[in-house]
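The structure under discussion appears below in the form of C-alpha cells.
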Amino acid sequence: RIASVLDQLKADVIVNVQGDEPMISCHVVDALVTSLVASDAGVATPVYRLSELGEVNDPNLVKVVRDDRGYALYFSRSPVPYVRDLESNEWLSSATFWGHTGVYAYRREVLAEFQRLPSGQLEGAEKLEQLRLLEAGKRILTVEIDYHPHGVDTAADLEEVKQIMARGGSSYE
C-alpha cells in the first residue's frame, strides 16, 4: 500500500508502522532509520529476544533467524531455529530466539521495487510479505530492541492494549 503512493512521498527512507503495532516507541523508529542509513541493507526491522517457550511456539508471533551481522536469514511463524536433540522445554537455554515486530524502514528504491516483485512460494506459505524481499535477494537488517512491543494479533491482545492505553501506559510496559 505504501509503494502505491510512493510518488507522493518525498523521502529517501520511508517508515511503515503497521496498524497492529499501536504501542511502538518513537525510539524504535529512530533506531531503524539510523541503522538503515548506516548499512547496505534495503530494509530495517526491529527484533527482540524471546524469553518464554510460549512465545517461541506462538504462530501469531513472527520469529526471525539472523546472521552474525544482524541480517535476516528467514522469518517464520514456526519455532526457528529448531533445536535438534533437545526437548523443546530446553531450547531457550541452548539457542537464541528472536521475535519480530511489524515495523519497517525501507530505502525508497527497494519499496518501489517491492510492488513489482511477484509473491514467492515462501511468502505464500507463511503469509509474511517480508519473505518476498528475501526471496528476491534483498537484505533486511534486523535492529535489536530491548522490549517486546504489545502488538495486536488476537482479540485478547486488543483488550490488553486498550487497558494499557486507558491507564496512560507506554510501549515499554
Side-chain angles (χ1 to χ4, degrees), residues 1-3 13-25 28-29 31-84 86 88 91-92 94-154 157 161 171:
R1 288 177 280 240
I2 293 173
V13 174
I14 292 97
V15 178
N16 174 16
V17 178
Q18 296 184 352
D20 60 354
E21 296 295 342
M23 304 298 290
I24 201 71
S25 163
V28 170
V29 174
L32 287 179
V33 172
T34 301
S35 298
L36 180 63
V37 169
S39 77
D40 63 348
V43 181
T45 192
V47 297
Y48 55 92
R49 194 177 295 256
L50 298 179
S51 60
E52 297 176 17
L53 191 56
E55 294 174 318
V56 172
N57 290 310
D58 184 351
N60 293 311
L61 195 154
V62 175
K63 279 67 72 179
V64 62
V65 178
R66 310 161 67 214
D67 72 13
D68 61 357
R69 293 173 297 150
Y71 289 93
L73 296 171
Y74 191 69
F75 294 86
S76 183
R77 296 180 180 283
S78 295
V80 286
Y82 178 85
V83 183
R84 187 175 161 180
L86 287 180
S88 62
W91 286 4
L92 287 169
S94 64
T96 302
F97 293 84
W98 295 98
H100 169 256
T101 297
V103 179
Y104 300 90
Y106 294 95
R107 291 190 191 273
R108 179 182 200 82
E109 61 273 10
V110 171
L111 189 56
E113 186 177 355
F114 181 84
Q115 66 183 342
R116 295 188 301 270
L117 293 173
S119 177
Q121 180 183 4
L122 298 174
E123 179 185 2
E126 297 263 13
K127 303 298 186 244
L128 297 171
E129 64 188 15
Q130 63 270 40
L131 291 174
R132 181 182 312 186
L133 293 167
L134 289 182
E135 287 183 274
K138 303 301 176 194
R139 299 186 77 184
I140 300 176
L141 179 66
T142 63
V143 177
E144 293 180 37
I145 60 176
D146 60 1
Y147 74 105
H148 176 173
H150 288 278
V152 178
D153 296 307
T154 66
D157 294 339
V161 167
S171 56

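The first residue of the sequence shown is numbered 1, and numbering continues consecutively from there.
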From CA spacing to verdict: side-chain contact (heavy atoms from CB on, under 4.5 Å), Tyr106, Val13: CA-CA 5 Å; Tyr106 294 95; Val13 174; over 6 Å; no
Could you walk me through whether Tyr104 and Ile140 satisfy the side-chain contact (heavy atoms from CB on, under 4.5 Å) test, starting with their C-alpha distance in whole Å, then the side-chain angles of each, then the deciding distance to 0.1 Å, before giving a yes or no? CA-CA 9 Å; Tyr104 300 90; Ile140 300 176; 5.7 Å; no
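Of all non-hydrogen atoms in Leu53 and Leu92, the two that sit nearest each other are N-CD1, 3.4 Å. Taking all atoms of both residues into account, the shortest heavy-atom contact from Thr45 to Thr101 is OG1-O, 3.4 Å. The minimum heavy-atom distance between Asp40 and Arg139, with the atom names listed, is OD2-NH1, 2.9 Å. Minimum heavy-atom separation, Pro81 to Ala95: CG-CB, 4.3 Å. Between Arg107 and Val37, the shortest heavy-atom contact is NH2-O, 3.8 Å. Val80 and Phe97 get closest at one heavy-atom pair: O-CD2, 3.2 Å.
No side-chain donor-acceptor contact under 3.5 Å links Glu123 to the backbone of Gln130.
Exactly one of Glu126, Arg66, Lys63 qualifies for a side-chain contact (heavy atoms from CB on, under 4.5 Å) with Tyr74. That residue is Glu126.
In summary, the side chains of Glu144 and Tyr48 do not present any donor paired with an acceptor at a separation below 3.5 Å, with no hydrogens or angles considered.
With sequence neighbours excluded, no residue satisfies side chain to side chain donor-acceptor pair (under 3.5 Å) with Asp67.
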